[in-house]
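As the structure is a computational prediction, the values presented were derived from the model and not from experiment.
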Protein chains: 2
Amino acid sequence: MTSSTLSTTRSAEVNLGNALEDRGLRRTTARTAVTDRIEGLSDAFTAEQLCRDLPGVGRATVYRTIRHLVDAGALCKLPILDGAPMYSIARIEHHHHTVCSRCGAVGEFRHSTVERVMRSLANEIDGDIIGHRMEIFITCNSCLAELAAGNSTING
Amino acid sequence: MTSSTLSTTRSAEVNLGNALEDRGLRRTTARTAVTDRIEGLSDAFTAEQLCRDLPGVGRATVYRTIRHLVDAGALCKLPILDGAPMYSIARIEHHHHTVCSRCGAVGEFRHSTVERVMRSLANEIDGDIIGHRMEIFITCNSCLAELAAGNSTING
DNA sequence: TCGATATTGATACCAAGTATCAGTAAGTGA
DNA sequence: TCACTTACTGATACTTGGTATCAATATCGA
Ligand SMILES: [Mn+2]
Ligand SMILES: [Mn+2]
Ligand SMILES: [Zn+2]
Ligand SMILES: [Zn+2]
């Protein structure tokens, strides 16, 4: 993989508790439970998943905390066409997502060419461009491996 | 606007009734009411909007018909981050959407460069790329005009 | 026209998320 | 450290968006 234009570098540290504090919000036990749990997850998650994982925290509080974190830019909210949106820690400033259509794993990427294309589209799109979103749907490597394993079993 | 790479050409005719028939579905009065209404709309719409516009057609039927049309590829389903998905007639084969952040107007566009970038990303993304989605958020021309009018009134 | 079959839509249901609000916990300043 | 103000919590009820059921009805090929 050439890394001249593709970037998946994760910025030094992410502290969701600090992200909330920076917005003038109190550091409560419920919020700490939520942010700790999110930081402990390696993958993207849904709000309901978090609620199940944290039965000691009220549903309203889980949803409110997620909303704060999205507002703070610390979480990405990724719309899923048929289902609840997924959230993941924003590790790269401006970026796009890969979504595995088989297992739902979400990745982040940045590619300068995408941003260059956006600039070049400015003259050709009616109206003022104020932003964009892009998702790439993939079959992730671990799913490819599983599929290969499954096939080889079937095919002998 | 140069049109060498940007395409907003609409394919000859769109007949949603035929799209359903082509799938072996019966041409019923309820379905005809839904498809006629959609064809009469100039803009993207939500399912609930359609239900309100067609009080004579059951909600379940409206939703079912929309689903059929999406499955047939005759309607685009556009996820909206905070709210119900919007639907619009698919006039271009593979394409992307512009969404006005002020009024919600949805447009379609195709740009060869976007597709070229996708191909070039193939080597740099982990896993197999099976598709992509891209939305450009804009302030549309009519909103720009309204904003300009509003400002000039305020500023004398 | 008839009859097998697809469709309809009222109803009940489910999932995701938000408004309320009385009770509780954080922080702040004395 | 305590008291006090204010933010926060979470149970509950509600809303929105959408689906499963199923008896009654419409469609369409024979
Ligand atoms: Mn992200
Ligand atoms: Mn479209
Ligand atoms: Zn996967
Ligand atoms: Zn607009």
Check: Base, sugar-phosphate, or nothing: which does B/T46 touch, judged by heavy atoms less than 4.0 Å apart?
Finding: nothing

Checklist line | Distance-only donor-acceptor check, side chains A/H95 and A/E108, under 3.5 Å | finding: yes

Next item on the list: Indicate whether any N or O donor in one side chain lies under 3.5 Å from an N or O acceptor in the other, for A/R23 and A/N18.
Entry: no

Next item on the list: Please tell me which of the listed nucleotides, D/dG18, C/dG9, C/dG17, lies nearest to the side chain of A/P85?
Entry: C/dG17

Notebook entry, point to check: How long is the span from the CD1 atom in B/I130 to the OG atom in A/S101, to the nearest 0.5 Å?
Noted result: 3.5 Å

Item checked: Distance below 4.0 Å between B/T61 side-chain N/O and C/dT7 OP1 or OP2 -> no

Check: Expressed in angstrom and rounded to an integer, what is the separation of B/I80 atom CD1 from C/dG17 atom P?
Finding: 15 Å

Checklist line | B/A60, nearest nucleotide to its side chain (from D/dT27, C/dG27, D/dA20) | finding: D/dA20

Note to self: Whole angstroms only, please: what is the CZ-C1' distance between A/R26 and D/dC4?
What the structure shows: 11 Å

Check: Does a nitrogen or oxygen in the side chain of A/R27 sit under 4.0 Å from OP1 or OP2 of D/dC8?
Finding: no

Check: What's the OH-P distance between B/Y63 and C/dT8, to the nearest Å?
Finding: 16 Å

Checklist line | Spacing between B/M86 atom CE and D/dG18 atom P, to the nearest angstrom | finding: 11 Å

Margin query: Can you tell me whether the side chain of A/R59 and the base of C/dG17 have a donor-acceptor pair closer than 3.5 Å?
Written below: yes

Report, one line per pair, each donor and acceptor closer than 3.5 Å where one atom sits in a side chain of residues 71-84 of chain A; sequence neighbours left out.
{"from": "A/K77", "atom 1": "NZ", "to": "B/D82", "atom 2": "OD1", "distance (Å)": "2.8"}
{"from": "A/D82", "atom 1": "OD1", "to": "B/K77", "atom 2": "NZ", "distance (Å)": "2.8"}

Check: How long is the line joining CG of B/L81 and P of C/dA16, in whole Å?
Finding: 16 Å

Check: How about A/Y87 and A/Q49: does a side-chain donor come under 3.5 Å of a side-chain acceptor?
Finding: no

Item checked: Positions of residues 15-24 of chain A (non-hydrogen atom under 4.0 Å from DNA chain D), listed by number -> none

Next item on the list: Could you tell me whether the side chains of A/H132 and A/H94 share a donor-acceptor contact shorter than 3.5 Å?
Entry: yes

Item checked: Protein-nucleotide distance (A/D82, atom CG; D/dG17, atom P), rounded to Å -> 16 Å

Next item on the list: Could you tell me the separation between the CG atom of A/L25 and the C1' atom of D/dC8, rounded to a whole number of Å?
Entry: 10 Å

Check: With a 3.5 Å cut-off and just heavy-atom distances, do the side chain of A/R64 and the base of D/dG10 make a donor-acceptor pair?
Finding: yes

Notebook entry, point to check: Starting at CG of B/L50 and ending at P of C/dG9, how long is that distance when rounded to a whole Å?
Noted result: 14 Å

Note to self: Whether A/T28 contacts D/dT9 is assessed here as follows: a side-chain N or O lying under 4.0 Å from the phosphate OP1 or OP2. Is that the case?
What the structure shows: yes

Next item on the list: Please figure out whether A/T65 or B/A84 has its closest DNA chain D nucleotide nearer the 5' end.
Entry: A/T65

Margin query: Closer than 4.0 angstrom, basic N to acidic O: yes or no for A/E146 and A/R102?
Written below: yes

